[in-house]
2 protein chains.
Amino acid sequence: MTTFTQKSSHIIPVQRRSRIIELIRLKGFISVQELSETVCVSLPTIRRDLASIAKSGIIQRSHGGATLKTNQGTTFEPDYQTAALIAQREKAAIGRLAASRLNNNQSVIFDSSSTVYEAARQAVENNLVLTAVTNDLRIAELLASGPSINLLVSGGSLRQGSYSLFGEPGTSFLQNLHVDIAFIGIHAITKTACCDTSLEVAYIKRYMAMAAEKVIVLADGSKFGAVAFFNAFEFEKSFEIITDSPPSPAIRRSLEKKGVTITLAPVEKY
Amino acid sequence: MTTFTQKSSHIIPVQRRSRIIELIRLKGFISVQELSETVCVSLPTIRRDLASIAKSGIIQRSHGGATLKTNQGTTFEPDYQTAALIAQREKAAIGRLAASRLNNNQSVIFDSSSTVYEAARQAVENNLVLTAVTNDLRIAELLASGPSINLLVSGGSLRQGSYSLFGEPGTSFLQNLHVDIAFIGIHAITKTACCDTSLEVAYIKRYMAMAAEKVIVLADGSKFGAVAFFNAFEFEKSFEIITDSPPSPAIRRSLEKKGVTITLAPVEKY
DNA sequence: ACTTTCTATGATCATTTATGATTAAAATGC
DNA sequence: GCATTTTAATCATAAATGATCATAGAAAGT
């Protein structure tokens, strides 16, 4: 133990790429220069990172920088490595806080969403005694491993490219359901409502919200002000949003006027 | 327990690994360096730990560290995995033959059973174009990976210790369903009927049999003459049994008198 | 009790991978 | 057209990895 290396604050490549993705998602466009300064590596390294990320289809390379890919191609298959990079820390933080809202012997809906997945993971880890309902195959499998969890799967057709179920019989099932809490993941949050990209999915989320005594929307910061066509449900009093970064003041004011609570989950630092 | 170990600072490997998993779940990523400092073991040991954890599928290894795996591919309970190994060759043979009964654009029910799982695997492998219905989470996840498969999940409560769904809304759903073929796994085959160990499961199988134009029962040889309390369905004409070893002459005669076809699947030799 | 195995660990080293510097080519702006 | 910036390619260096080996401690057999 003679030598002493100062590099305790070293960042591994995967982490750096994850930060790059987040920065691009945050700003829409970013230059190679700025990235280099922000994450403190050389230009060639940034270029290599961007090339690697672009290959997985999340971003689009352009001269001098990179942009978010506007057309989220239907057939792009992000390899596990890169898929895991997208806002992993934020999702974990949101999920952790969400799970802390649960008590034993409650009934809970887990919507199909990667953020909600984290909440489910925490719930299993905390050995909570729950009656859980989900329309997501991965979450179902996860919850199945919790010995103290009574699991119901809504049923329906599988949405291509994801693990979520929609349509019958799940839709009717949800309409006759009453639970204590619903964790709902969403694609876009406007001043007054939650929206999603397809009608069927929006319907599912609407019924989930209606079935629950308390609705908790889990969404990372990128969802505020995003665009999506189909209205899932309007915000109502007693709704809560758990997120990692606050929305714009305009959205915030509007939501708070509606009685919606916005809670920030503390994200682990690098 | 005469001796008492004083080394409280020493933790056993399992503890250390679970601590590593915890840390990764907390932060999303972690470097090998940081882990080494945190848990006070050498870098090679950390690498070995990470490799071992990664093999179990919880985390994903990357250069310099590891990340949480969001897309939990096929991570099933170890006890299930060992169960799946029982009579593996026989099940594979039965599944192979069963899958060869399928044609493109058919609708098929896949019952919850490890033998049927093999049939589903073959169907996916053959890139068949199917509308598939299942009440099993593992089969659902498997079929979800088939790009040409339109998947419906019946929904219901999870049976503890397995991955099959029973009860509502799946039961009602199945009653309103009509499909070309149903692959049904069963616990016991008598001279005249198929039986199972629980009433709910028997009901599900009955509805599945009723929904199908053609019923194909998949069962390894041990199921003939086995005992189970609840009658799922009587054999009818045009039912088929695919198995690996023939039943006793008595059972065979009785089944053939009912018009049931018994097909032997050729088991691969070592 | 003693010895033998076996596993876990740490150290060493060759190999692979990531990074930063350099430079020529390409793209952009004027 | 030219000047400037950005890029891709190459190379040398540094870091991380996997493999192998030796040792220490635990578990098991005698």
Side-chain angles (χ1 to χ4, degrees), chain A residues 1-21 23-24 27-56 58-69 79-82 84-85 270, chain B residues 1-24 27-69 78:
Chain A
M1 292 294 275
T2 61
T3 53
F4 165 71
T5 43
Q6 80 301 342
K7 36 185 47 189
S8 62
S9 65
H10 213 235
I11 288 185
I12 63 175
V14 185
Q15 264 176 301
R16 191 186 53 238
R17 292 188 195 121
S18 161
R19 272 184 87 171
I20 291 173
I21 293 173
L23 283 165
I24 295 172
K27 307 186 74 165
F29 171 87
I30 199 159
S31 70
V32 178
Q33 279 282 353
E34 186 177 351
L35 275 174
S36 167
E37 290 159 18
T38 310
V39 302
C40 301
V41 288
S42 69
L43 275 357
T45 302
I46 292 292
R47 294 200 184 96
R48 277 185 282 248
D49 282 347
L50 289 179
S52 136
I53 299 166
K55 207 166 73 177
S56 77
I58 298 170
I59 63 163
Q60 189 139 35
R61 198 60 225 282
S62 72
H63 302 262
T67 63
L68 248 189
K69 201 166 182 179
D79 56 300
Y80 287 168
Q81 189 85 4
T82 15
L85 299 184
Y270 282 111
Chain B
M1 276 319 259
T2 61
T3 52
F4 164 73
T5 45
Q6 77 298 347
K7 336 200 82 183
S8 59
S9 64
H10 264 192
I11 56 172
I12 61 173
V14 184
Q15 275 178 297
R16 190 185 55 236
R17 287 188 197 127
S18 87
R19 191 147 170 236
I20 290 173
I21 293 173
E22 192 119 342
L23 282 165
I24 295 173
K27 307 191 70 165
F29 332 84
I30 201 155
S31 71
V32 178
Q33 282 277 353
E34 186 177 350
L35 275 174
S36 167
E37 289 162 19
T38 309
V39 302
C40 299
V41 288
S42 70
L43 297 171
T45 302
I46 292 293
R47 293 201 184 98
R48 276 185 284 249
D49 283 348
L50 290 179
S52 130
I53 299 167
K55 209 165 70 174
S56 76
I58 301 168
I59 64 161
Q60 174 111 22
R61 198 62 223 284
S62 86
H63 231 87
T67 72
L68 250 190
K69 197 164 166 183

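These figures come from a predicted structure and were not determined experimentally.
Take Arg47(A) and apply the salt bridge (Lys or Arg N to Asp or Glu O under 4.0 Å) test, not counting sequence neighbours, and it matches no residue. By the side-chain hydrogen bond (donor to acceptor under 3.5 Å, both in side chains) test, Ser42(B) is found to be paired with Thr45(B), residues two or more places apart in sequence or in another chain being considered. Residues passing the side-chain hydrogen bond (donor to acceptor under 3.5 Å, both in side chains) test with Thr38(B): none are found, sequence neighbours excluded. A search for side-chain contact (heavy atoms from CB on, under 4.5 Å) contacts involving Ser31(A) returns Gln33(A), Glu34(A), not counting sequence neighbours.
Relative to the axis of its first five pairs, the axis of the last five pairs of the helix from dA1(C)-dT30(D) to dC30(C)-dG1(D) sits at 40°, rounded to 10 degrees.
In this structure, Cys40(A) and Pro44(B) both approach DNA chain C, and ranking their closest nucleotides by distance from the 5' end singles out Pro44(B).
Atom CD1 of Ile53(A) and atom P of dA18(C) are 14 Å apart (whole Å). For the pair Leu43(A) CG and dA18(C) P, the interatomic distance rounds to 19 Å; values are reported in whole Å.
Between Ser36(A) and Leu43(A), the shortest heavy-atom contact is CB-CD1, 3.3 Å. Counting all heavy atoms, side chain and backbone alike, Ile20(B) lies closest to Leu50(B) at CG2-CD2, 3.9 Å.
Rounding to the nearest 0.5 angstrom, the gap separating the CZ atom in Arg17(A) from the CZ atom in Arg48(A) is 10.0 Å.
Using a 4.5 Å heavy-atom cutoff, the side chains of Phe29(A) and Ser62(A) are in contact. A heavy-atom distance below 4.5 Å is found between the side chains of Val32(A) and Arg61(A). Side-chain contact between Arg16(B) and Asp49(B) is present, with heavy atoms from C-beta onward closer than 4.5 Å.
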Review item, nucleotides 2-6 of chain D N/O atoms under 3.5 Å of protein N/O:
residue : atom : partner  : partner atom : Å
dT6(D)  : O3'  : Gly64(A) : N            : 3.0

Pairs: protein N or O with nucleotides 6-9 of chain C N or O, under 3.5 Å:
residue : atom : partner  : partner atom : Å
dT9(C)  : OP1  : Arg16(B) : NH1          : 2.4
dT9(C)  : OP1  : Arg16(B) : NH2          : 3.3
dT9(C)  : OP2  : Arg16(B) : NH2          : 2.7

